[in-house]
Amino acid sequence: MEVSPQTNDALIDSIMGSFETLHRGHVNAKLLLLLIETLGHLNAKMLKGRFQSSELKGFDIFSPILKCNGLENKDEIVGVLVAYCSVYAELQPLITGSVATWVPLLRSANHEILYFRPGFYTIVSLFGKNAKVSEIIPKLLKFNLGDVVRQLWIPQWISFVNNGKGGYGRKLIESDLNIALNEGKMDFFIATMKSTIIEERNVTDRSSSPPFSFLFHKLSQRGILFSRWVDKGLYQEFSTYLLSSGSKKRDQEMDSLNFQLEILMEVVDHPETNYFEEPKLVTFLYLSLDKIYDIPCNQLHLTLGALGSTQSLFALLNMVQYLLSKFLIDTGNICELLQGTQIEMQLTKEKNQKWYKSKNNSTKLPSWFHSSILTHNPPITKSLFVYDKDDWLKIESTSTSQIVELLFACLINSLLISAKLLKEYRKIKLDPLAFDISGIEVNENTFKIEYLIKEQYMDLHLISLFSSLVLSEQISSCTNQFYEGKKNALSNDILFSSTMNVFKELLESHGTIGLHHLINFAARMSEDDLTIKSISLKLLNALLFDNDDSLARNLLQKNAIVYQALHRFIVIWDDGSEIFRPFHERLFHTEQPQPKATSVTISALLELLPNYESMLQIISEQRVQKPANRAQTQCHREKGQCVLQTSGYKFNPYSAPSFVPAKKTTIEPSKETSSLTEQPSPQALIKRSPEPWANYRRDITKVPVSSNQDRQSMFRPSIDYSTYTSAGSRTEQGQSSFAFSNISSQISVPKTPDMSSSTMFSNPWEESPSMHSTPNISKIVNTGKNYILGGHNRMKNNSRAQSIHIDDFEQT
Amino acid sequence: MSTEQVLRFLITNHENLLLAPLYGDLRSIFCVYLSCFQDDDILAATFQLFSKALQDICDIADGSLALNSQAGEMYQNSRVEFIDVSLLKLMHEKINSLGGERIKRRDFDTGHHLTGSHLERMLCILNQDANENKSENILLRKLQKLLSTCPGSIQLAKEREQHISKTVGYIPICTNEKHKALLATIVPTSAHELGSIPGFKLSQAKVNCPGLIDCLQRKKHFIPNIKPHTDISLGDCSYLDTCHKLNSCRYTHYLQYIPENLCKTISAETKLANKLNENQKNYPFYTHGNCCSNFVKQDLPEQWIQCDVRKFDFTVLGKFSAVIADPAWNIHMNLPYGTCNDNELLELPFETLQDEGILFLWVTGRAIEMGKEFLTKWGYIVLHEISWVKTNQLSRTIVTGRTGHWLNHSKEHLLVGLKGNPIWLNRKIDTDIIVSATRETSRKPDELYGLIERLVGPHARKLEFFGRHHNLRPGWFTIGNQLPGVCIHELDVKKRYEQFLAKPERAHKHS
């Protein structure tokens with residue numbers, strides 16, 4: 001953002017004044033937080049030429065802080081100040097001039113292995129756009145920033161001071177290849193070695209050969225992300241190397257706001273993009289959002305209008321937010337799947353290439369989000385400006401974890417922009433929900449349209465915000481490699497607080513309407529997905545009870561309709577857990593009702609399934625229709641009962657089950673089978689059984705199964721559940737037989753049928769060989785097909801003439 | 001609180017009660033009710049009384065309110081799903097007519113019982129005799145009106161195309177026989193080309209035929225190309241400018257005469273019209289089917305891959321909104337190009353090219369029915385059959401086609417298949433007839449490209465299968481075995497194509 005020279009001067013003066021105050025030993029927490037906040041408004045351009053190194057000579061701002069008793073989070077505050085002083089060359093004398101003095105004052109290092117090794121730029125980027133410094137500092141404590149300062153940053157500064165600038169840089173390049181893999185070291189290099197990098201870059205033979213070429217490539221990838229802090233000349237070098245299209249005109253266009261907005265449009269136009277395959281687009285997106293943040297809203301609207309976008313600014317931002325959240329959620333799911341099934345995959349890779357399809361993703365967004373927030377577009381051609389040069393190979397070396405980090409940063413940036421825009425609108429008294437009806441003939445439809453517009457607008461925001469919350473929930477609960485680690489945990493904290501910030505801004509801007517839509521939206525979503533219900537509750541808790549003077553609570557108490565909506569939501573979902581307590585006690589001023597324990601039978605639960613009866617009916621009909629064409633049996637079905645009559649049955653060798661070696665047809669009833677009628681049936685537990693399910697289940701328990709003769713005319717159930725009942729009823733515990741996990745295994749895995757028991761309820765009309773059972777068990781015969789066809793007995797062996805001998809084998 | 005008051009409230013606000021932010025929620029409706037009536041009586045009202053009043057209304061005018069909950073527990077967390085305001089009005093009239101008397105169910109028997117879901121209610125209405133009930137007739141009429149309403153999107157899509165479509169210059173044809181005969185005598189011809197008219201001949205013509213010069217400035221003229229072997233008495237050649245034996249054919253052929261300044265004028269006018277259209281593009285008043293960057297996005301240059309489509313991996317290409325295929329059907333005729341057999345065509349994995357979209361399949365002769373079968377097999381439903389009515393050089397319909405066993409083919413058929421539910425299509429802009437001139441053998445009319453671009457939007461990915469060099473077009477991807485090499489701009493496609501070539505077995509097949 002451009003600031004006037006006067007503002008710039010005032011900013012610099014205040015920073016300088018703070019340094020002096022600290023140097024004199026007047027330390028207090030408020031001053032430090034304000035200083036950090038002010039430093040967050042700085043950028044490299046603003047500082048250029050404002051400070052003379054001599055001005056800061058002899059200043060020691062760190063010793064007083066470290067010596068100050070009663071100051072909380074000392075190490076973290078020093079860490080943040082060291083980061084700021086490191087990224088600006090003009091402020092570096094504050095460290096180099098006094099580091100030897102204050103290092104002994106630091107607490108001794110824990111010598112623990114550092115898993116969180118942020119560089120200076122990571123830390124300063126946390127503060128740049130998040131004005132709430134006081135919230136972030138305690139988070140840094142959680143992530144041991146003090147240890148990072150002691151173990152990573154300070155040793156580098158000491159070495160730098162001892163060896164001199166050039167000497168240390170060259171030593172690093174020649175000896176420490178690890179630098180390109182260590183974020184902390186890379187940031188130090190970028191912040192302090194500008195001249196060394198440019199010098200090396202200008203020596204042709206060195207610049208294009210390793211190790212410098214590799215190092216420069218990694219430095220460019222890192223440095224390009226921090227335009228606000230990296231020295232302009234160095235940034236230009238990085239940018240030219242990585243992003244230049246080769247055309248001067250195009251490179252100039254890349255700096256324009258048009259280009260930044262076109263990038264957003266490109267992302268929105270291609271919702272199917274796999275960002276792992278488009279590192280250049282992701283880099284551009286990050287840079288675009290970073291720049292857009294600094295542009296005032298009037299300029300953004302003006303430019304977007306001139307570009308003729310079909311989407312509004314908020315729509316673009318929210319769509320980008322939604323797409324990024326969705327992609328990151330999917331990435332998390334896939335990652336978790338990969339980890340969970342790694343062993344399984346190794347074992348079954350050859351057999352089952354589509355192993356991933358059998359898994360259910362634990363986290364997903366409601367499907368209507370996608371169709372609601374995005375427009376319906378055909379597949380669109382990709383714009384060449386993002387992909388216009390073969391140099392994408394350069395960036396392609398960007399690792400997937402780097403891309404995830406970038407996408408994460410993009411998401412946070414887009415949230416910050418949304419919050420900033422809402423704030424700006426409020427400042428200039430612009431209400432996006434204001435419905436201008438001047439010049440329009442007002443009729444009953446006018447207000448309907450107004451409602452619809454408002455609803456669409458709120459949905460636009462809420463869908464993207466809830467998607468971010470779902471992502472945040474996923475990250476905090478999952479353990480996969482992308483989202484593990486303290487750095488991501490910190491980013492997740494910031495993601496959550498940024499999302500909450502937008503919610504608060506929305507309420508601030510739209511008041512009761514905003515809150516009412518939010519509660520209704522949460523209620524609507526909770527019906528779809530219980531994960532989202534818990535997220536909604538967390539959100540409402542945070543909005544209503546996080547501080548004493550909550551805007552949401554004030555709004556709620558002023559409006560009966562909103563109050564009713566929340567009351568209804570809470571009453572419906574209150575399961576007696578702790579999260580509901582504040583709603584009752586602080587809002588409704590009643591005691592939280594105790595939950596009642598109720599026993600419900602499984603059948604009663606099943607009845608709750610939508611369209612349960614019609615589903616059951618359809619399944620029964622499908623199962624009954626099949627045998628009518630195939631087997632020479634007549635199946636009369638009445639009220640869920642199915643009675644099989646065999647008349648002149650002729651054995652069909654092509655639908656016979658697989659070969660059963662060394663076991664013919666003299667099947668004795670097994671103990672398990674006969675016990676079926678004796679043991680207490682699970683149906684006894686079902687108090688209220690629906691038709692035809694209940695009738696059917698009662699019938700099957702009455703089937704006498706005692707001899708071969710009985711088996712020949714045995715009852716054949718008409719619906720699929722028979723198989724599961726059979727499997728379940730064989731369990732010794734006599735538990736309910738609704739073993740749904742059995743469904744897939746019994747249907748899909750071809751196997752030799754278990755003649756001893758399961759055939760009595762097996763479905764004779766299934767395609768699967770395991771389901772093939774002849775109506776007359778005594779006629780089961782080895783057709784030899786599995787031998788002839790190598791076991792692929794799904795196929796008919798048409799080449800073989802039908803054998804009378806086989807057909808009548810068992811009858812004779 | 002009286003039932004009459006609640007009734008009046010429902011009648012006045014019935015539409016808004018079901019919309020946001022109330023969504024029919026009874027407690028919220030009660031809040032609004034309280035805010036509408038601010039007298040002492042109302043202030044003493046409770047939700048229980050309000051519920052009771054609603055219950056009374058439901059009991060008396062059965063079906064006037066549909067709630068989502070079951071009887072007995074209807075007013076705790078229930079919502080109103082539907083309000084039949086006609087019934088409520090009837091009840092209100094009845095109350096007024098009865099004066100202070102208490103209305104009872106028997107006073108208000110509508111003779112119908114409408115409960116259940118919206119669908120059931122609608123079906124119930126449709127099943128009843130039109131004259132049976134007044135309020136239902138009103139609803140029925142509303143329903144009929146709704147169903148017969150032409151959506152504004154169709155009109156808007158048409159208007160948008162009118163404003164932004166590229167204009168193509170059009171020069172009318174002169175039909176004056178006298179002009180034709182006169183020009184034949186004054187315009188010099190050599191090797192099937194026309195020369196410029198000598199000045200003195202032009203002034204002479206001006207005297208002999210006063211309207212000629214003016215006509216020349218506005219219209220194009222076809223001048224008989226008389227050669228020594230031409231026998232005028234035989235009449236016009238059936239093939240005219242597409243005749244394969246121009247140097248020996250004895251029938252009459254024609255050359256087109258358009259003065260250069262007329263060309264310039266038309267070109268300037270077209271340019272101006274297109275510029276105006278271009279300026280209107282950045283005001284997206286109607287954006288259905290348009291991508292977000294519709295205005296700033298530049299058309300991709302033409303892309304093509306020369307390959308044998310039977311051996312090509314279609315997944316390389318990605319997904320498309322529209323596909324044109326002009327297969328070399330084997331129609332059992334002597335054709336100047338190689339043909340594919342039916343099985344080879346049927347085996348082409350067209351289903352991989354689109355998740356949803358539209359496919360245009362050129363068919364002829366016996367392939368018409370086969371094409372329909374193939375489309376079904378590939379997962380499409382046959383929507384339409386576009387006819388291309390062929391015209392000749394003189395813009396007349398063709399009477400002697402080059403194909404046809406029993407009758408000459410003077411038209412060709414283009415089957416239109418639809419896959420999925422592509423709601424982004426801009427419907428009803430064009431017709432199912434293309435009237436256009438024939439060109440080289442099997443070359444299809446360019447009008448089809450415009451039709452498709454209007455249908456799917458300008459930046460949608462479009463593919464042409466079995467294309468040739470003349471089919472290359474910006475924004476289109478063309479595949480065919482007669483194309484000159486490979487040209488791919490989309491990097492993802494390029495990458496996949498290179499991977500495809502790198503696979504030894506595929507590369508071998510492909511070559």
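Below, read A as the first sequence line, B as the second, and so on, with proteins coming before strands; counting in each chain starts at 1.
Remark: the A/Asp269 side chain and the B/Ser293 side chain contain an N/O donor-acceptor pair separated by less than 3.5 Å.
Of all residues in residues 455-462 of chain B, those placing a non-hydrogen atom less than 4.5 angstrom from a non-hydrogen atom of chain A are B/Val456, B/His459, B/Ala460, B/Arg461.
Rounding to the nearest 0.5 Å gives a distance of 9.5 Å between CG of B/Asn290 and OG1 of A/Thr375.
Under the salt bridge (charged side-chain N to carboxylate O under 4.0 Å, His left out) criterion, B/Asp355 pairs with B/Lys319, not counting sequence neighbours. When the ring pair (Phe, Tyr, Trp, His ring centres under 6.0 Å) test is applied to A/Tyr457, the partners found at least two apart in sequence or on another chain are A/His461, A/His510. Every residue was checked against the salt bridge (charged side-chain N to carboxylate O under 4.0 Å, His left out) condition with B/Arg160, not counting sequence neighbours, and none meets it.
Taking every heavy atom of both residues into account, A/Lys382 and B/Lys297 meet most closely at C-NZ, 4.3 Å. What you find for B/Val296 and A/Glu262 is that their closest heavy atoms are CG2-CG, 4.2 Å. Closest heavy-atom contact between A/Leu316 and B/Cys292: CD2-SG, 3.5 Å.
With contacts defined as side-chain heavy-atom distances shorter than 4.5 Å, the pair B/Cys31/A/Gln564 qualifies.
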For the pair A/Glu277 and B/Lys495, evaluate salt bridge (charged side-chain N to carboxylate O under 4.0 Å, His left out) and give the outcome as yes or no after the intermediate values.
CA-CA 11 Å; A/Glu277 289 176 355; B/Lys495 204 171 160 186; 5.9 Å; no
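Contacts between A/Asn520 and chain B at a heavy-atom distance below 4.5 Å involve the side chain alone, from C-beta outward.
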